[in-house]
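One structure below.
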Protein chains: 2
Amino acid sequence: MTPKPIAGAPATEGATPEKHPEPSSRRPNRRQLILDEAAKLFKQKGFGGTSMRDLAREVGMEAASMYNHIKSKDEILDLICTRIAHTYISQLADIEQTEASYADKVKALIRLHIRLMIEDGPAVSVANHDWKYLPEPQLTQFKEARKNYEKGFARLIEQGIAAGEFQPINVSVALFTILSAVRWVELWYRPGRELSAEELEDHIITMLLTGLAK
Amino acid sequence: MTPKPIAGAPATEGATPEKHPEPSSRRPNRRQLILDEAAKLFKQKGFGGTSMRDLAREVGMEAASMYNHIKSKDEILDLICTRIAHTYISQLADIEQTEASYADKVKALIRLHIRLMIEDGPAVSVANHDWKYLPEPQLTQFKEARKNYEKGFARLIEQGIAAGEFQPINVSVALFTILSAVRWVELWYRPGRELSAEELEDHIITMLLTGLAK
DNA sequence: TTACTTCAAACGAATGTTTGTTAGTATTTG
DNA sequence: CAAATACTAACAAACATTCGTTTGAAGTAA
């Protein structure tokens with residue numbers, strides 16, 4: 001499977017097609033900077049453990065100034081979580097539509113998780129850990145989106161079992177083992193590690209698909 | 001000091017606080033009650049998201065009263081994390097000393113994790129997620145304890161590979177896959193689930209040792 | 001001008017904790 | 001035995017601090 005570039009990456013780059021026609025909005029995209037730094041801090045100290053003043057210091061402005069770019073602290077959390085949720089869901093849809101074997105589809109999903117964790121780590125961590133602090137309309141929405149994603153993933157495993165590609169294992173156990181196995185990457189992976197991202201993917205896939213025992 | 005007129009006036013409260021303490025026969029361990037309820041709340045809303053007043057309401061007393069039983073909010077977190085850490089470490093030592101095969105030792109450790117998560121779920125969750133809010137002398141201690149535990153676990157896997165019981169897989173990947181696979185139990189397991197605790201253990205061990213693929 | 005950005009100051013609410021005090025219970029003392 | 005004492009656990013009130021957020025004024029660039 002060819003891993004595609006992941007949409008909606010952390011930015012740091014204004015997507016404005018500059019050139020010279022419209023030089024008026026020469027923006028240093030402060031908003032995205034706030035979101036990026038927020039994700040880093042939320043990952044590091046948790047949503048509740050991060051104050052707007054902490055965040056402001058990291059961004060390089062006063063706390064009050066940030067309210068010209070974002071509506072509230074809750075909105076920051078919501079934007080981060082929603083972006084990650086959409087990324088997962090759209091990528092799952094892409095993979096579902098391919099013609100590969102179920103084993104390859106599952107492998108592609110595992111690679112997707114690991115790659116996203118490596119490329120967009122802080123945001124993924126926030127979506128994994130701090131989603132529960134979302135305010136109420138969005139909280140339910142997020143949980144539903146996640147449930148749908150899990151259902152889609154589980155369906156692939158089920159179909160793989162039905163097709164004889166997988167062992168007749170409990171689907172929930174397989175699903176959650178895979179989903180959680182991929183989470184440690186966030187705590188473990190450092191760019192300068194002995195393993196490259198692709199090697200890491202290969203090893204995890206081996207472990208999950210063929211198991212530890214000989 | 002100025003003695004306050006307390007006569008009458010339950011102060012804005014319609015629900016009578018049920019003043020009289022029970023006769024001396026009953027001695028509820030208030031301290032442990034506080035720790036237990038704290039673990040539940042910390043798991044549910046996080047350490048930072050739980051106020052001492054929240055906790056007090058759950059315990060059934062005022063926030064100030066709890067300070068007769070515990071020294072600080074930080075101490076609560078420390079007591080919970082330390083207890084769990086010691087449990088894991090001593091159980092690992094027990095398993096290391098048995099004469100079983102390495103595969104059986106790893107299986108026993110996996111069972112230990114699952115069982116502890118089921119039997120002592122809230123505390124284990126807190127030790128998994130909120131340890132980073134420990135105050136500084138204890139934070140380093142906790143991280144060291146965890147690192148030692150991981151080293152001991154990794155050694156078992158290494159020896160199992162050397163003995164030919166396991167595939168020559170990357171030890172860190174195997175270790176973290178196992179450790180994380182077991183964490184989802186906390187989010188997933190409900191006492192009234194279709195799977196019993198033992199069945200769950202069996203399925204996870206199968207998944208981890210023999211893998212998903214056929 | 002107009003539109004946007006920044007910040008110091010302040011807001012009310014909530015935080016963990018301390019204080020002063022009271023009521024019961026256990027223990028010692030006369 | 002009863003009276004005096006000490007201890008425990010509970011409470012309301014207040015503490016200083018920090019929180020997220022709003023306000024209003026000043027600055028900047030088109």
Side-chain angles (χ1 to χ4, degrees), chain A residues 14 16 18 20-35 37-38 41-42 45-79 130 133-135, chain B residues 1-35 37-38 41-42 45-79 130 133-135:
Chain A
T16 52
E18 68 277 28
H20 68 79
E22 297 289 345
S24 57
S25 69
R26 147 84 172 82
R27 293 199 227 169
N29 215 346
R30 299 252 202 268
R31 187 178 152 93
Q32 194 57 48
L33 177 63
I34 291 173
L35 295 180
E37 293 301 322
L41 280 186
F42 290 171
K45 320 200 291 171
F47 178 72
T50 302
S51 76
M52 293 299 275
R53 289 166 178 85
D54 288 341
L55 177 53
R57 182 170 359 96
E58 218 68 23
V59 171
M61 60 173 80
E62 291 302 309
S65 307
M66 292 193 297
Y67 284 83
N68 290 305
H69 306 277
I70 51 99
K71 263 182 10 196
S72 68
K73 192 187 181 191
D74 285 342
E75 193 205 37
I76 295 177
L77 181 62
D78 179 41
L79 288 171
D130 294 326
Y133 304 115
L134 281 168
Chain B
M1 285 293 152
T2 44
K4 294 166 277 195
I6 302 197
T12 75
E13 189 58 23
T16 58
E18 206 58 52
K19 202 99 189 249
H20 304 276
E22 291 301 311
S24 59
S25 63
R26 228 189 331 162
R27 183 197 270 263
N29 203 343
R30 301 268 208 252
R31 188 178 152 95
Q32 194 57 48
L33 178 63
I34 291 173
L35 295 180
E37 294 301 322
L41 281 186
F42 291 171
K45 320 200 290 172
F47 179 72
T50 303
S51 76
M52 292 299 275
R53 289 167 179 84
D54 289 340
L55 177 54
R57 185 174 353 99
E58 217 67 22
V59 172
M61 60 172 80
E62 291 302 309
S65 308
M66 291 193 298
Y67 285 82
N68 290 312
H69 306 275
I70 51 99
K71 264 185 5 198
S72 68
K73 193 187 182 193
D74 285 343
E75 192 205 38
I76 296 178
L77 181 61
D78 180 40
L79 289 170
D130 294 326
Y133 304 115
L134 281 169

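Every chain is numbered from 1 and lettered A, B, ... according to where its sequence line falls, protein lines coming before strand lines. As the structure is a computational prediction, the values presented were derived from the model and not from experiment.
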Looking at residues at least two apart in the chain, or sitting in another chain, which of them share a side-chain hydrogen bond (donor to acceptor under 3.5 Å, both in side chains) with D78(B)?
T82(B)
To the nearest angstrom, the CG-C1' distance between L33(B) and dA10(D) comes to 15 Å
Using atom CE of M66(A) as one end and atom C1' of dC19(D) as the other, report the distance to the nearest whole Å.
12 Å
Below 3.5 Å, can you tabulate the donor-acceptor pairs from side chains in residues 57-68 of chain B to any protein atom, sequence neighbours excluded?
unit_1, atom_1, unit_2, atom_2, d
R57(B), NH2, D54(B), OD1, 3.1
N68(B), ND2, S65(B), O, 3.4

Please name the pair of heavy atoms, one in L77(A) and one in D130(A), separated by the smallest distance, quoted to 0.1 Å.
CD2-O, 3.5 Å
Work out which heavy atom in E75(B) is nearest to a heavy atom in K71(B); give both atom names and the distance.
OE1-N, 2.8 Å
Examine dA14(C): is either OP1 or OP2 under 4.0 Å from a nitrogen or oxygen in the side chain of S51(B)? Give yes or no.
no
Interatomic spacing from CG in L134(B) to CZ in F47(B) - rounded to 0.5 Å
8.0 Å
Let me know the distance between CG of N68(B) and P of dT22(C), rounded to the nearest Å.
16 Å
Winner on side-chain proximity to A64(A), out of dA8(C), dT19(C), dT21(D), is dA8(C)
Using atom CZ of R31(B) as one end and atom P of dT8(D) as the other, report the distance to the nearest whole Å.
14 Å
Report the residues that fulfil side-chain contact (heavy atoms from CB on, under 4.5 Å) with L35(A), sequence neighbours left out, ordered by chain and then residue number.
Q32(A), I76(A), L79(A)
dC11(D) phosphate, OP1 or OP2, under 4.0 Å from S65(B) side-chain N/O:
yes
Measure the distance from OH on Y133(A) to C1' on dC19(D) and round it to the nearest whole Å.
16 Å
Lys/Arg cation over aromatic Y133(B): K73(B), 6.0 Å, 45° cone:
no
Just the rounded figure in Å: distance from P of dA14(D) to CD of E62(B).
15 Å
Which residues in residues 52-61 of chain B have a heavy atom closer than 4.0 Å to any atom of DNA chain D?
R53(B), M61(B)
Taking only heavy atoms on the protein side, list every residue of residues 69-79 of chain B lying under 4.0 Å from any atom of DNA chain C, sorted numerically.
S72(B), K73(B)
